[in-house]
K.L.:
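Would you mind keeping the following structure in view while I ask a few things?
Just so it is clear, the model here is predicted, and its values are computed rather than measured.
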There are 2 protein chains.
Amino acid sequence: MFMTENHPKKITKSDRTRAQILEAARRLFAEGGYDGVSIRDVAAQASIDPAMVIRYFHSKDELFARAAVVDLKLPDQRTDPAMIGDTLIRRFLVNWEGPANGPGMIILLRSAASNEHAAEKVRDVFANQVRPMVASIGDPADAGRRAGLVASQLLGLATCRYLLRLAPVVALSHEEIIRNVGPVLQRYATGHDAG
Amino acid sequence: MFMTENHPKKITKSDRTRAQILEAARRLFAEGGYDGVSIRDVAAQASIDPAMVIRYFHSKDELFARAAVVDLKLPDQRTDPAMIGDTLIRRFLVNWEGPANGPGMIILLRSAASNEHAAEKVRDVFANQVRPMVASIGDPADAGRRAGLVASQLLGLATCRYLLRLAPVVALSHEEIIRNVGPVLQRYATGHDAG
DNA sequence: TGCATTTGTCAACAGGTGTTGGCATATGCA
DNA sequence: TGCATATGCCAACACCTGTTGACAAATGCA
């Protein structure tokens, strides 16, 4: 069934098609979410037969799981507590608009609204990536609350800018975002109440 | 077809069933979003035949439109600029958790992620309700930007607390939310940069 | 060259969708 | 009481969905 893999690697033709399918899926899932995209849509976008999508990825769920991989690349080492707000918002902009990073996060956010499986994945990203980073500064007992507030601002910004595409939020420059949202994240992450 | 309506009103039996259908639709749309709920689901929840749903509301789209009505009841009269952050966050909590207000906003937010029609409605709510309220204080030329920032925080809070149900955000008490988010909204709405 | 494996297409399945029209019942006015 | 109307159920439609298995073409090693 699979090629007899003695020597580790070999780029077969199927690897390329598999990659094409995955890329098509990522693009479509990012625009329509899990429910809004059919396997036939993905197949058409990849110029291939729908049956191949199932052959390479065994089900729509598995294809989605492969497409919705997220790594926020947050610095887990001790960050300068005085700069954490700035660090977070800059990292956010790179993750959502940078060229390298895939659209994993927008796929997840789009789908999470009406798909419990995707919602669970978002909660995983929060628990395993955002929360530890916020916990690395300040009181660990308080980390959940602070990370939750951070997430509320960042996911809201993402929702308005990339999901709903609210005109005034889309129009914000990176500098404006950093200048306005950075301090809010700083306050949330450090746990200092309003002053 | 319709009852010959000379004298204005009369509560017929059909009015009650229509209301039952609408209530069932609201409940289900709030949990599953537009795509996640079928007309058969609504019919079952209302203990009625699916055909009746179409007879009363002419299509799924129209049923959804009736279910997703939103009135934030923001004070459009000139609000005390020094209290606008507090006013906004308290109004937010009433709208999302108060007993009277329907689940219109959560229906919209859930569906907007993968349904362009619903997304457009959210943008309408922003443009016609949130923006004017923020514009009523401060420089009108700047209102869009400020209202956009306000929306990013409020929709993010709603996303985390009611949509994704992130544990630490769900656990926040009303007082904590008011104390933490209020000042942020205050700063966003008045347009004062970080200090 | 042959031949086994890989890569791909086609047709079909079982089930769910929004929507429609026909027909039975219940209601309420004369 | 009769009868028109309002209310409701049933069956079916055309279509889309994820998924499967059988069969054809291409590939690459001997």
K.L.:
Can you tell me if B/Lys60 touches the phosphate of C/dG18, counting only side-chain N or O atoms and a distance under 4.0 Å to OP1 or OP2?
P.N.:
yes

K.L.:
Hey, is the side chain of B/Thr17 poking within less than 4.0 Å of OP1 or OP2 on D/dT7, counting only N and O atoms?
P.N.:
no

K.L.:
Is there side-chain contact between B/Leu157 and B/Ile89, with at least one heavy-atom pair below 4.5 Å?
P.N.:
yes

K.L.:
Scan for ring pair (Phe, Tyr, Trp, His ring centres under 6.0 Å) pairs involving residues 130-184 of chain B, sequence neighbours excluded, and state none if there are none.
P.N.:
B/Trp96-B/Tyr162

K.L.:
With sequence neighbours left out, which residue pairs that include part of residues 153-170 of chain A fulfil the salt bridge (Lys or Arg N to Asp or Glu O under 4.0 Å) condition?
P.N.:
A/Glu31-A/Arg165, A/Glu97-A/Arg161

K.L.:
Give one of base, sugar-phosphate or nothing for B/Tyr56, where a contact means two heavy atoms less than 4.0 Å apart.
P.N.:
sugar-phosphate

K.L.:
Return the stems involving DNA chain D, sorted by first number, where pairs are Watson-Crick (N1-N3 with N6-O4 or O6-N4) or G-U wobble (N1-O2 and O6-N3), both under 3.5 Å, and runs are 3 or more long.
P.N.:
C:2-13 with D:18-29, C:15-29 with D:2-16

K.L.:
Per the ring pair (Phe, Tyr, Trp, His ring centres under 6.0 Å) rule, what does the pair list look like for residues 103-122 of chain B, sequence neighbours excluded?
P.N.:
none

K.L.:
Between A/Ser14 and C/dT6, is there a contact of a side-chain N or O with OP1 or OP2 at under 4.0 Å?
P.N.:
no

K.L.:
Rounded to the Å, how far apart are A/Asp15 CG and D/dG28 P?
P.N.:
13 Å

K.L.:
Measure the shortest side-chain to side-chain distance between A/Leu149 and A/Arg187 over non-hydrogen atoms and say whether it is less than 4.5 angstrom.
P.N.:
no

K.L.:
Could you tell me how far apart B/Phe64 (CZ) and C/dG18 (P) are, to the nearest whole angstrom?
P.N.:
13 Å

K.L.:
Taking CZ from B/Arg18 and C1' from D/dA6, how many angstroms apart are they, rounded to a whole number?
P.N.:
12 Å

K.L.:
Under 3.5 Å, is there any donor-acceptor pair linking the side chain of A/Arg40 to the base of D/dG18?
P.N.:
yes

K.L.:
Mind checking side chain to side chain donor-acceptor pair (under 3.5 Å) for A/Arg131 and listing every partner two or more places apart, or none if nothing turns up?
P.N.:
none

K.L.:
In whole angstrom, give the distance that lies between atom CD1 of B/Ile54 and atom P of C/dT20.
P.N.:
7 Å

K.L.:
If you take any heavy atom closer than 4.0 Å to DNA chain C, which residues from residues 42-52 of chain A end up in contact?
P.N.:
A/Ile48, A/Asp49, A/Ala51, A/Met52

K.L.:
Holding to side chain to side chain donor-acceptor pair (under 3.5 Å), I want the full list of residues that pass it with A/Tyr56, two or more places apart in sequence or in another chain.
P.N.:
none

K.L.:
Please set out all donor-acceptor pairs under 3.5 angstrom arising from side-chain atoms of residues 61-73 of chain B, sequence neighbours excluded.
P.N.:
unit_1	atom_1	unit_2	atom_2	d
B/Asp61	OD1	B/Tyr34	OH	2.7
B/Asp71	OD1	B/Lys73	N	3.0

K.L.:
Please collect all salt bridge (Lys or Arg N to Asp or Glu O under 4.0 Å) contacts where either partner lies in residues 32-45 of chain B, sequence neighbours excluded, each pair once.
P.N.:
none

K.L.:
Quick one: which protein N/O atoms are closer than 3.5 Å to N/O atoms of nucleotides 22-25 of chain C? Pair and distance per line, please.
P.N.:
none

K.L.:
Do A/Glu120 and A/Arg123 meet the salt-bridge criterion of a basic N to acidic O distance under 4.0 Å?
P.N.:
yes

K.L.:
Give a yes/no answer on whether the side chain of B/Ser59 brings an N or O atom under 4.0 Å of OP1 or OP2 in C/dG18.
P.N.:
no

K.L.:
Would you confirm whether A/Asp15, through its side chain, and A/Thr12, through its main-chain N or O, come within 3.5 Å as a donor-acceptor pair?
P.N.:
yes

K.L.:
What are the residues of residues 20-39 of chain A, sorted by number, that bring a heavy atom to within less than 4.0 Å of DNA chain D?
P.N.:
A/Val37, A/Ser38, A/Ile39

K.L.:
Does D/dG28 have its OP1 or OP2 closer than 4.0 Å to a side-chain nitrogen or oxygen of A/Lys13?
P.N.:
no

K.L.:
Rounded to the Å, how far apart are B/His58 NE2 and C/dT19 C1'?
P.N.:
13 Å

K.L.:
Name all residues meeting the side chain to side chain donor-acceptor pair (under 3.5 Å) criterion together with A/Asn115; count only those two or more places apart in sequence or in a different chain, and write none if there are none.
P.N.:
none

K.L.:
Would you find a donor on one side and an acceptor on the other, under 3.5 Å apart, between the side chain of B/Lys121 and the backbone of B/Ala112?
P.N.:
no

K.L.:
Could you tell me if the side chain of B/Phe126 sits less than 4.5 Å from the side chain of A/Cys160, heavy atoms only?
P.N.:
no

